[in-house]
Amino acid sequence: MGRPRKLRFYSFLALALLGTRADASTYIEAGTGLASFSKADIFFQQAAASSTNSGFVGSLSIYTPITHERRLGHLDLGLQTRFSTSSISSTSDPLAMGTLHLGVRLEIWRFFVGAGYSPLTWVSKPQEGLTSLHLNSGTHAYMGEAGLIWRVIPEFQIAAAMSLEYGTGSGGMSPSPVTEYGLRFRFPLNPKESGPGAGGVDFDGFRYPFGVMK
């Protein structure tokens, strides 16, 4: 898939997400978490990157339901941008990786599992870190994730999440993987409380998780 086709693909998906029906609980999600890189030497073209220090992952996503939300489980489709950072163990030189995933999630009650594919990846320049990210041609990435959701109020949700992201290219699979443990903060764009005839979304309350003493 050439670069123009990839850009058209992302543009079409973004328009589809923004044009979803008004009663769908489309949400924006921002996340942060601890990260660890494994076997990142091929991706960064630096032999020393095979051993790295702990780092961080930041993400920004938009998802919308593509099946009925009032059933036990439903599917969400969206875009997830991820920025992963670390440093080389031996030299402390910074490392950064960027991806833009087409993501799908299955949400059941307060749990979700998801997967994503990014036909484009970005890589930092040696010793320069996040601000030097540039397109890493000939590579792509896969991602899997799972989490537990606390619907605090209709307008705000928190999810504890774990994810694995794998980069691939002509040199092999690298990083393999980037592991993340973190929190996601969701902001539904059309929040509504549930109730008789409301047809809105359930929420748990803010004093304690999962509906205890709303």
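From a predicted model like this one, the values you see are computed outputs, not experimental measurements. Position 1 is the first residue of the sequence, and the numbers go up from there.
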Here the gap from Lys125 atom NZ to Ser132 atom OG, rounded to the nearest 0.5 Å, amounts to 6.5 Å
Heavy atoms only: give me the nearest Arg151-Trp109 pair and the separation to one decimal. NH2-O, 2.8 Å
Would you say the side-chain atoms of Ser87 pair up with the backbone N or O of Asn53, donor to acceptor, closer than 3.5 Å? no
Which value, rounded to the nearest 0.5 Å, describes the distance between Ile42 atom CD1 and Lys39 atom NZ? 9.5 Å
Is Leu77 close to Tyr63 at the side-chain level, that is, under 4.5 Å between some pair of heavy atoms? no
If you define the side chain from C-beta out and look only at heavy atoms, does anything of Glu165 sit under 4.5 Å from Met97? yes
Can you check whether Arg105 reaches Gln80 side chain to side chain, under 4.5 Å on heavy atoms? yes
Pro154 and Pro188 have their tightest heavy-atom pair at O-CG, 3.3 Å
Can you check whether Thr179 reaches Met162 side chain to side chain, under 4.5 Å on heavy atoms? yes
Taking all atoms of both residues into account, what is the closest heavy-atom pair of Gly129 and Ala96, and its distance? C-CB, 3.9 Å
Does Leu95 reach the side chain of Gln46, with side-chain heavy atoms less than 4.5 Å apart? yes
Does atom CD (Glu128) have a neighbourhood of more than 12 heavy atoms from anything else shown, all under 6.0 Å? yes
Do the side chain of Ser174 and the main chain of Phe43 share a donor and acceptor less than 3.5 angstrom apart? yes
Output the distance between atom CZ (Arg184) and atom CG (Leu60), rounded to the nearest 0.5 Å. 11.0 Å
Other residues, nucleotides and ligands only: do more than 12 of their heavy atoms fall within 6.0 Å of CZ on Phe185? yes
Met143, Phe112: one ILVMFWY side-chain cluster at the under-4.5 Å cut-off? no
Joint hydrophobic cluster, Leu100 plus Leu135, side-chain heavy atoms closer than 4.5 Å: yes
Tyr27 and Gln157: side chain donor to acceptor below 3.5 Å: no
Minimum heavy-atom separation for Val113 to Ala146, with atom names? CG1-CB, 4.0 Å
Regarding Thr139 and Thr121, is there a side-chain donor-to-acceptor distance under 3.5 Å anywhere? yes
Would you check if Ser38 and Pro177 make a side-chain contact, meaning some heavy-atom pair closer than 4.5 Å? yes
Verify the cluster assignment for Leu183 and Leu34: are they in a single hydrophobic cluster under the rule of side-chain heavy atoms below 4.5 Å apart? no
Interatomic distance, CZ@Phe83 vs CG@Leu130, rounded to 0.5 Å, equals 7.0 Å
About how many Å separate CG of Leu133 and OG1 of Thr85, when rounded to the nearest 0.5 Å? 10.0 Å
After noting the C-alpha distance and the side-chain angles of Leu164 and Glu180, does the key distance pass the side-chain contact (heavy atoms from CB on, under 4.5 Å) rule? CA-CA 6 Å; Leu164 298 172; Glu180 174 203 5; over 6 Å; no
Checking Ser163 against Arg82: is there a side-chain donor and acceptor pair closer than 3.5 Å? yes
Taking Thr52 for the side chain and Phe37 for the main chain, is one N or O donor matched with an acceptor at less than 3.5 Å? yes
Report the relative orientation of the aromatic rings in Phe156 and Phe187; use parallel for angles under 30°, tilted for 30 to 60°, perpendicular for over 60°. tilted
Assert yes or no for the condition that the ring centre distance of His140 to Tyr117 is strictly below 6.0 Å. yes
For the residue pair Ser124 and Phe44, establish whether any side-chain heavy-atom pair is separated by less than 4.5 Å. yes
Backbone N or O of Gly55 within a donor-acceptor pair of the Ser86 side chain at under 3.5 Å? no
Counting N and O atoms only, with roles assigned by atom type, does the side chain of Ser59 sit under 3.5 Å from a partner on the main chain of Thr81, one being a donor and the other an acceptor? no
Check for me, please, whether Leu102 and Leu75 land in the same ILVMFWY cluster - side-chain distances under 4.5 Å, paths through other members count. yes
Do Ser89 and Ser51 meet the criterion of a side-chain donor-acceptor pair at a distance under 3.5 Å? yes
Taking Tyr181 as the starting point, is it possible to reach Val57 by hopping between hydrophobic residues whose side chains are less than 4.5 Å apart? no
Just by distance, with hydrogens left out, do Asp76 and His74 show a side-chain donor and acceptor under 3.5 Å apart? yes
Would you check if the side chain of Thr99 reaches a backbone N or O of His101 as a donor-acceptor pair within less than 3.5 Å? no
Is there side-chain contact between Arg110 and Leu148, with heavy atoms separated by less than 4.5 Å? yes
Any donor-acceptor pair under 3.5 Å linking the side chain of Ser118 with the backbone of Leu120? yes
